[in-house]
Amino acid sequence: MLAAMTPFPQEVYKVTKCIPRGKVTTYAAIARALKNPRAARAVGNALHKNPFVPQVPCHRVVQRDGKVGGFARGRREKIKILRHEGVKISNGKVEPAFLIIKL
DNA sequence: ACGGTGACGCTCA
DNA sequence: TTGAGCGCCACCG
């Protein structure tokens with residue numbers, strides 16, 4: 001069931017859900033979309049607890065420098081999924097071309 | 001109410 | 001360029 005949660009995580013999931021397949025964005029970009037540019041860390045926290053997987057494609061969220069970042073089921077798995085979606089990853093970093101800064 | 005924690009980010013050496 | 005350090009925010013016990 002949908003547990004009552006603070007508005008912040010809800011907004012995070014809402015935005016993340018809009019990330020198209022084969023593309024990725026950053027924690028900072030999401031924070032920015034929420035008008036909370038300093039909350040990148042909190043965004044990661046919310047995604048970590050993401051109860052709507054895989055409805056909410058949290059695996060499409062990476063770090064600002066392109067590094068894949070963390071994943072509840074392991075970075076390894078996260079990379080695997082992204083590659084499966086066509087996202088090119090070299091040396092643990094996604095090609096900037098797949099990055100969506102504007103949401 | 002308070003302090004610790006975490007899927008981050010920027011600055012500086 | 002890469003790594004260490006510090007700051008930031010929201011959540012939990």
Side-chain angles (χ1 to χ4, degrees):
Chain A
M1 279 302 298
L2 284 76
M5 52 174 60
T6 54
F8 185 75
Q10 292 190 45
E11 294 303 308
V12 173
Y13 302 141
K14 188 174 185 178
V15 175
T16 306
K17 201 170 12 173
C18 297
I19 306 173
R21 187 176 174 289
K23 295 280 182 178
V24 299
T25 190
T26 70
Y27 298 95
I30 294 177
R32 208 152 75 61
L34 298 182
K35 307 296 180 271
N36 225 103
R38 307 274 170 231
R41 202 163 190 177
V43 170
N45 230 304
L47 288 178
H48 186 209
K49 300 176 297 190
N50 172 25
F52 301 98
V53 298
Q55 258 55 44
V56 175
C58 51
H59 59 274
R60 293 179 193 154
V61 185
V62 300
Q63 297 187 189
R64 190 75 174 65
D65 57 11
K67 285 204 281 292
V68 175
F71 194 58
R73 317 240 274 309
R75 313 188 270 313
R76 220 12 229 186
E77 188 63 19
K78 185 171 179 180
I79 294 174
K80 190 174 182 181
I81 298 173
L82 286 175
R83 276 185 176 160
H84 186 267
E85 293 189 346
V87 178
K88 201 153 169 235
I89 302 176
S90 312
N91 235 318
K93 297 177 99 184
V94 303
E95 293 292 324
F98 296 92
L99 263 180
I100 302 177
I101 308 304
K102 311 278 283 192
L103 297 173

Counted 5' to 3', the first and last nucleotides of DNA chain C within 4.0 Å (strictly under) of a heavy-atom of chain A are C/dG7 to C/dC11

Nearest-0.5 Å distance, OH of residue A/Tyr27 to CZ of residue A/Arg64: 14.0 Å

Check the interface with nucleotides 5-9 of chain B: list each N/O to N/O pair with the protein under 3.5 Å, or write none.
unit_1 : atom_1 : unit_2  : atom_2 : d
B/dG6  : N7     : A/Arg41 : NH2    : 3.4
B/dG6  : N2     : A/Asn45 : ND2    : 2.7
B/dG6  : N3     : A/Asn45 : ND2    : 2.5
B/dA7  : OP1    : A/His48 : ND1    : 2.3
B/dA7  : OP1    : A/His48 : NE2    : 3.1
B/dA7  : N6     : A/Leu47 : O      : 2.8
B/dA7  : N3     : A/Tyr27 : OH     : 2.9
B/dA7  : N3     : A/Gly70 : O      : 3.4
B/dC8  : OP1    : A/Gln63 : OE1    : 2.6
B/dC8  : N4     : A/Arg41 : NE     : 3.4
B/dC8  : N4     : A/Arg41 : NH1    : 2.9
B/dC8  : N4     : A/Arg41 : NH2    : 2.8
B/dG9  : OP1    : A/Ala28 : N      : 3.2
B/dG9  : OP1    : A/Arg64 : N      : 3.3
B/dG9  : OP2    : A/Arg64 : N      : 2.8

When you look at CZ of A/Arg32, are more than 12 heavy atoms from neighbouring residues, nucleotides or ligands closer to it than 6.0 Å? no

Measuring from A/Glu11:CD to A/Thr16:OG1, what's the distance to the nearest 0.5 Å? 10.5 Å

Both A/Lys93 and A/Met5 contact DNA chain C. Taking the nearest nucleotide for each, which residue is further toward the 5' end? A/Lys93

Measuring only between side-chain heavy atoms, which start at C-beta, is A/Glu85 closer than 4.5 Å to A/Arg60? yes

Of all heavy-atom pairs linking A/Phe8 and A/Leu34, the shortest is CE1-CD1, 3.9 Å

Side chain to side chain, A/Val53 and A/Cys58, heavy atoms closer than 4.5 Å: yes

Do the non-hydrogen side-chain atoms of A/Leu99 and A/Val24 ever get within less than 4.5 Å of each other? yes

About how many Å separate CD1 of A/Ile89 and NZ of A/Lys80, when rounded to the nearest 0.5 Å? 13.0 Å

